[in-house]
Amino acid sequence: MTTPRPLGPVLVTGGNGYVASWLVKRLLERGFHVHATVRDPHDPRKTDHLNAIAQDCPATLSLFRADLLHPGAFDSAMAGCRLVFHTASPLIVRGVEDPVRDLLEPATAGTRHVLEAANRTPSVRRVVLTSSITAIYGDAADMEQIPAGRFDESHWNETSDERHQPYSYSKTLSERLAWEIAGKQSRWDLVVVNPGLVLGPGLSPHTSAEGVLVMRDFGNGYYRFGAPELEFAIVDVRDVAEAHLRASMNPKAEGRHILVGESLSVMEIAEILRGRFGDGFPFPRHTVSNTAALMLAPRRGIPQAVARRNLGYPLRFDNERSRSALGMTYRPAAESIVEHFQQLLDDGLVKLRHPVS
Ligand code: NAP
């Protein structure tokens, strides 16, 4: 029997991340030789899981060192690649110390450095950028400006800045920059995916992705005074990896693609968790008033201005474009939620205890 020739190479930036690890796995399983950049290829906490995945796959994985802040850092990893997946970007939502240093600079400089490397690399034909729904909207209150009652790909976040929702601002600035750089050349095209809150089991036990923090809140008593009237627009991490693959393979793919399976409130998520894991966790039992939630917000690490523009508003997205253009179907959010929480339990990140009365 002959071994099939490996496809690729393809580049995945930030290959050790929560989302990117699933993408690397899927690419390796399909026979692509993957170049993955990481900040420290010799840190086993960041790379062991990738090397383990690669061992079971027919294709090979090569790790390259690259920091978003360093111009030229991506050139050697990109050499010979037709496809580039740019996923690396700092994801810090709570307790940002210095928004410019910690978010805006690495996100935008990184996008510039990766795309300038694409301009220098003759083999590149397509770049798939991992943007976010936070480049589409700033706060749930923005829904009031949307007559159709759902955000779609024509919308841009116009309400975030470096003080208010700086992570969202970093994603907006970097996606806009990506379109600007892509528009100035014609050798490679840009396809963007805009995932919602990504949940579902991770491939590394050391991930601290936002979804882990959100799920941990349900197990550690963060909502012990009740559920705020907030909604999350959720997508499964495996569906996000699949969408990246489809965005890269479909020759007709173009533009932006919202990736959201469904929107659920904090209380709906709590009910799903209680239904599966019982009463031994401090899942909220009732919704608190917006006035009370506003008072509690700073204690929960949320600035009051952010709470005021998100409490009590629905958060809805139109995912029709990803369904029709990429052929996406979405796992039910309940599946992602239950499997994610189970992983936190297995990893000891949440512990069974009696409900707080
Ligand atoms: P993650 O696990 O924190 O991954 C982020 C990746 O970016 C990591 O590989 C990280 O490397 C890398 N990175 C951060 N700063 C860097 C720097 N200065 N130089 C080089 N690499 C750097 O988060 P994720 O959830 O997988 O996010 C991946 C992408 O999806 C991001 O673009 C994020 O904005 C987007 N996204 C995520 C969600 C979500 O809910 N998770 C939703 C929408 C969009 P280190 O491991 O070395 O820090």
Side-chain angles (χ1 to χ4, degrees), residues 11-25 36-50 63-71 73-74 77 85-94 96 101-114 117 127-137 157 165-175 178 192-215 232-241 243-244 247 256-261 317 333 336-337 340:
L11 170 63
V12 181
T13 69
N16 64 310
Y18 169 58
V19 167
S21 295
W22 273 106
L23 174 61
V24 168
K25 178 174 160 56
T37 66
V38 293
R39 273 194 275 192
D40 182 1
H42 301 300
D43 179 351
R45 286 170 57 87
K46 300 272 182 171
T47 54
D48 271 2
H49 68 288
L50 291 180
L63 298 178
F64 293 76
R65 182 190 299 277
D67 193 300
L68 292 169
L69 293 170
H70 300 158
F74 294 90
F85 298 91
H86 178 37
T87 81
S89 204
L91 205 179
I92 318 165
V93 176
R94 296 178 209 171
V96 181
R101 181 197 63 196
D102 300 338
L103 287 166
L104 305 183
E105 272 186 14
T108 55
T111 300
R112 182 178 297 287
H113 296 151
V114 169
V127 176
V128 178
L129 173 75
T130 319
S131 184
S132 166
I133 54 167
T134 61
I136 300 232
Y137 88 111
N157 175 355
Q165 305 275 42
Y167 166 70
S168 306
Y169 192 47
S170 78
K171 296 304 287 183
T172 310
L173 288 183
S174 36
E175 191 192 325
V192 172
V193 289
N194 303 81
L197 173 67
V198 187
L199 296 180
L203 292 170
S204 161
H206 304 297
T207 178
S208 58
E210 180 59 15
V212 174
L213 306 181
V214 169
M215 290 313 297
F232 292 111
I234 297 166
V235 61
D236 189 275
V237 66
R238 294 154 292 190
D239 293 342
V240 176
H244 279 77
R256 317 172 85 192
H257 302 83
I258 287 172
L259 307 178
V260 168
F317 291 85
S336 323
I337 289 164
H340 204 152

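Computed from a predicted model, the values in this text were never measured in an experiment. Read the numbers this way: they start at 1 and go in the same order the structure lists the ligands and their atoms. The first residue of the sequence shown is numbered 1, and numbering continues consecutively from there.
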Checklist entry - If you look at every heavy atom in R256 and A135, which pair is closest and at what distance? => result NH2-O, 3.3 Å

Next on the checklist: Between E175 and N194, is the side-chain hydrogen bond (donor to acceptor under 3.5 Å, both in side chains) condition met? List the steps.
Outcome noted: CA-CA 10 Å; E175 191 192 325; N194 303 81; 3.0 Å; yes

Next on the checklist: Under the rule for side chain to side chain donor-acceptor pair (under 3.5 Å), what residues qualify as partners of S174, not counting sequence neighbours?
Outcome noted: none

Checklist entry - Taking only residues two or more places apart in sequence, or in another chain, which ones meet H340 in a side chain to side chain donor-acceptor pair (under 3.5 Å)? => result none

Checklist entry - So which protein residues pack against ligand 1 under 4.0 Å, heavy atoms counted? => result G14, N16, G17, Y18, V19, R39, K46, A66, D67, L68, T87, A88, S89, P90, L91, T130, S131, S132, Y167, K171, P195, G196, L197, V198, A209

Item to check | Cationic N near anionic O, under 4.0 Å, D236 to R238 | outcome: yes

Checklist entry - Of all residues at least two apart in sequence or in a different chain, which pass the side chain to side chain donor-acceptor pair (under 3.5 Å) check with S21? => result H49

